[in-house]
Number of protein chains: 2
Amino acid sequence: MSIEDDLKGRFRNEYHKGLINLTYTTKQLGYEFFLSLKKHGIAEQQYNVLRILRGFRSQAPLTIGFIKERMLDKDSDVSRIVDRLFEKGLLTRKENSEDRRQKSVEITSKGLLLLDSMFECEKRADTLLSNLNETEVRELNRLLDKIRNNTTN
Amino acid sequence: MSIEDDLKGRFRNEYHKGLINLTYTTKQLGYEFFLSLKKHGIAEQQYNVLRILRGFRSQAPLTIGFIKERMLDKDSDVSRIVDRLFEKGLLTRKENSEDRRQKSVEITSKGLLLLDSMFECEKRADTLLSNLNETEVRELNRLLDKIRNNTTN
DNA sequence: TATAATTATATGTTACAACACATAATGTTT
DNA sequence: AAACATTATGTGTTGTAACATATAATTATA
């Protein structure tokens with residue numbers, strides 16, 4: 001399937017196509033992953049928060065700000081995502097007595113169990129680019145890094 | 001700036017990095033473009049609908065379904081996006097007398113003027129990948145196409 | 001032709017991003 | 001210590017994706 005067919009449009013040039021292609025491909029990969037998450041009744045950002053809580057368990061409890069820094073999306077509304085996970089019993093949230101502005105957030109055993117049961121989602125994520133060989137992925141990463149160097153200066 | 005620094009994390013392998021890199025880079029490019037739109041008080045999907053209305057002006061009026069097919073996101077909620085544009089006076093929306101289920105949507109002169117005033121946004125979009133040379137963009141497109149062939153089968 | 005299937009659009013819900021603003025706790029300055 | 005600044009988090013709003021369901025109009029079928 002070519003992107004031209006799919007979008008029913010034409011591109012001004014390779015750069016134009018590149019931008020649309022990036023958006024389109026990433027959206028599609030995200031959707032693939034989203035589908036594998038959906039079976040577990042959890043939204044993508046909630047999953048990401050749980051992953052961070054598990055990944056940094058040695059430094060638990062974590063604050064909202066710490067979690068926020070580690071989200072792919074820097075503007076994540078972690079307060080309300082944590083709300084939803086709290087209501088599902090997947091994490092605990094307490095006032096930090098050292099600094100009462102902060103919240104101490106920790107994954108529960110229920111949360112850990114859920115992540116364990118989602119192991120195949122993580123495996124799925126690793127296969128999304130499997131159509132590229134090692135050299136190609138490396139080249140993709142090089143190109144993406146190069147693109148970003150441009151836009152962040 | 002490396003993505004490793006930025007995400008404060010490590011990657012399992014190049015494939016893992018590739019997926020995160022795609023998500024992250026695309027998000028950043030999208031944000032760049034979003035910023036240039038914001039000055040004109042219009043949201044990204046609303047802009048996309050206006051572009052389609054202008055682009056296919058020769059076939060006007062267009063139906064909601066026609067617009068939907070041409071959106072990058074196939075699940076776009078075109079009905080409500082059109083609502084918002086209608087309220088801003090940027091398009092007209094009438095019942096189609098041939099098939100009264102359909103709506104006939106057409107961009108207004110106010111909508112065309114807005115797009116004209118946004119010409120620099122389009123130019124901006126074309127420069128987002130300018131850090132890559134022609135060969136590199138071509139290679140990027142090849143890799144993205146190859147990724148998608150995988151995930152759509 | 002009455003009925004059933006399909007189509008085009010609308011509406012309602014949940015989760016979220018991006019933003020502005022609010023609030024409370026803490027730190028700093030005078 | 002009182003006043004001000006900063007920090008951590010919360011809340012409210014708008015726009016949207018993804019989804020389910022609704023409704024009306026049209027087409028196909030028995």
Side-chain angles (χ1 to χ4, degrees), chain A residues 23-24 26-50 61-88 90-91 93-105, chain B residues 23-24 26-50 61-88 90-91 93-105:
Chain A
T23 309
Y24 190 70
T26 304
K27 201 170 283 230
Q28 201 170 299
L29 296 179
Y31 185 64
E32 290 285 315
F33 186 60
F34 168 75
L35 285 183
S36 80
L37 284 181
K38 229 182 53 175
K39 300 173 205 152
H40 300 273
I42 197 162
E44 198 160 342
Q45 299 315 312
Q46 293 179 25
Y47 172 76
N48 290 335
V49 168
L50 282 186
L62 308 182
T63 66
I64 302 281
F66 183 94
I67 298 166
K68 193 175 223 155
E69 276 177 27
R70 273 144 195 94
M71 295 289 280
L72 260 191
D73 194 319
K74 295 298 186 234
D75 262 313
S76 262
D77 192 355
V78 176
S79 284
R80 278 177 282 212
I81 297 172
V82 164
D83 273 354
R84 294 179 194 114
L85 292 166
F86 179 73
E87 271 155 37
K88 290 177 185 162
L90 300 171
L91 52 76
R93 183 184 45 184
K94 293 172 192 149
E95 187 181 75
N96 182 350
S97 52
E98 312 265 302
D99 181 339
R100 278 156 51 225
R101 288 171 305 184
Q102 296 185 345
K103 290 291 155 63
S104 296
V105 182
Chain B
T23 308
Y24 190 70
T26 305
K27 201 169 284 229
Q28 200 170 298
L29 295 179
Y31 186 63
E32 289 286 314
F33 186 59
F34 168 75
L35 285 184
S36 80
L37 284 182
K38 228 182 52 177
K39 299 173 206 152
H40 300 272
I42 196 162
E44 197 160 344
Q45 299 315 311
Q46 293 178 24
Y47 173 76
N48 289 335
V49 168
L50 283 187
L62 308 182
T63 66
I64 301 282
F66 183 94
I67 298 166
K68 194 175 222 157
E69 276 175 26
R70 275 144 193 94
M71 295 289 279
L72 260 191
D73 194 319
K74 295 299 185 233
D75 263 312
S76 263
D77 193 356
V78 176
S79 283
R80 278 177 283 213
I81 297 172
V82 164
D83 274 354
R84 296 181 193 112
L85 291 167
F86 179 74
E87 271 155 36
K88 290 176 184 163
L90 300 171
L91 51 76
R93 182 184 46 184
K94 293 173 194 149
E95 187 182 74
N96 181 354
S97 52
E98 311 265 303
D99 181 338
R100 280 155 51 224
R101 290 171 304 183
Q102 296 184 344
K103 291 290 155 63
S104 295
V105 183

Asker: Within this structure, what is the CG-to-C1' distance between B:Asp75 and C:dA8, rounded to whole angstrom?
Answerer: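 In whole Å, C:dA8 C1' lies 15 Å from B:Asp75 CG.
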Asker: Rounded to whole angstrom units, what separation is found between the CD1 atom of A:Ile64 and the P atom of C:dA25?
Answerer: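 A:Ile64 atom CD1 is separated from C:dA25 atom P by 16 Å.
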Asker: Would you indicate whether the side-chain heavy atoms of A:Asn48 and A:Asp73 approach each other to under 4.5 Å?
Answerer: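 No, every pair of side-chain atoms sits at 4.5 Å or beyond.
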Asker: Does the side chain of A:Tyr31 get closer than 4.0 angstrom to OP1 or OP2 of D:dC19 through an N or O atom?
Answerer: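 So the side-chain polar atoms of A:Tyr31 do come within 4.0 Å of the phosphate oxygens OP1 or OP2 of D:dC19, strictly under.
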Asker: Kindly point out which of C:dA8, D:dT13, D:dG15 is positioned nearest to the side chain of B:Gln46?
Answerer: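 The listed nucleotide nearest to B:Gln46's side chain is D:dG15.
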Asker: Are B:Pro61 and B:Lys94 side-chain neighbours, meaning at least one heavy-atom pair lies under 4.5 Å?
Answerer: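 A side-chain contact under 4.5 Å is absent here.
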Asker: Indicate whether OP1 or OP2 belonging to C:dC19 is found under 4.0 Å from a side-chain N or O atom of B:Lys38.
Answerer: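 Checking B:Lys38 against C:dC19: at least one side-chain N or O falls below 4.0 Å of OP1 or OP2.
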Asker: Choose from C:dA8, D:dG10, D:dA8 the nucleotide whose nearest atom is closest to any side-chain atom of B:Gln102.
Answerer: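 That would be C:dA8.
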Asker: Rounded to whole angstroms, how far apart are CG on A:Asp83 and P on D:dG12?
Answerer: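 Whole-Å distance recorded here is 12 Å.
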Asker: Expressed in angstrom and rounded to an integer, what is the separation of A:Asp73 atom CG from C:dA18 atom C1'?
Answerer: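 Taking CG of A:Asp73 and C1' of C:dA18, I get 9 Å after rounding.
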Asker: Side chains of A:Val49 and A:Gln46: does their closest heavy-atom pair fall under 4.5 Å?
Answerer: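 Sidechains of A:Gln46 and A:Val49: no contact.
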Asker: Under 4.0 Å, heavy atoms only, any strand: does A:Phe66 hit a base, just the sugar-phosphate, or nothing?
Answerer: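 It contacts nothing in the nucleic acid.
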Asker: Please tell me if B:Lys103 has a side-chain N or O lying less than 4.0 Å from either OP1 or OP2 of C:dA10.
Answerer: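 Yes, B:Lys103 has a side-chain N/O under 4.0 Å of OP1/OP2 on C:dA10.
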Asker: Any side-chain N or O of A:Arg84 less than 4.0 Å from the OP1 or OP2 oxygen of C:dC16?
Answerer: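 Indeed, a polar side-chain atom of A:Arg84 lies that close.
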Asker: Taking the side chain of B:Phe34 as heavy atoms from C-beta outward, which of C:dT9, C:dA18, D:dG15 is closest to it?
Answerer: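 My answer, after comparing the listed nucleotides, is C:dA18.
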Asker: For D:dA17, take OP1 and OP2 only and decide whether either is under 4.0 Å from a side-chain N or O of B:Ser76.
Answerer: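 Yes, because at least one side-chain N or O of B:Ser76 sits under 4.0 Å from OP1 or OP2 of D:dA17.
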Asker: What's the closest nucleotide to the side chain of B:Asp77 if the choices are D:dA25, D:dA18, D:dT11?
Answerer: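 The nucleotide sitting nearest to the side chain is D:dA18.
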Asker: Base, sugar-phosphate alone, or nothing: which one does B:Asp99 contact when heavy atoms must sit under 4.0 Å apart?
Answerer: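 Sugar-phosphate: the residue B:Asp99, judged by heavy atoms under 4.0 Å, touches backbone atoms but no base.
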Asker: Of all the nucleotides listed (D:dG15, C:dC16, D:dA17), which has the minimum atom distance to the side chain of B:Gln45?
Answerer: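 The answer is D:dA17.
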Asker: Round to the nearest Å and state the distance from A:Arg80 atom CZ to D:dT11 atom P.
Answerer: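 After rounding, the reported distance stands at 8 Å.
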Asker: Starting at the 5' end of DNA chain C and moving along, which residue's nearest nucleotide shows up first, A:Arg101 or A:Ile81?
Answerer: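 Residue closer to the 5' terminus by nearest nucleotide: A:Ile81.
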Asker: CG of A:Leu37 versus P of D:dA18: gap in Å, rounded?
Answerer: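 Result: 13 Å.
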Asker: Just checking A:Lys27: base, sugar-phosphate only, or nothing, at a heavy-atom cut-off of under 4.0 Å?
Answerer: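 Result for A:Lys27 = nothing.
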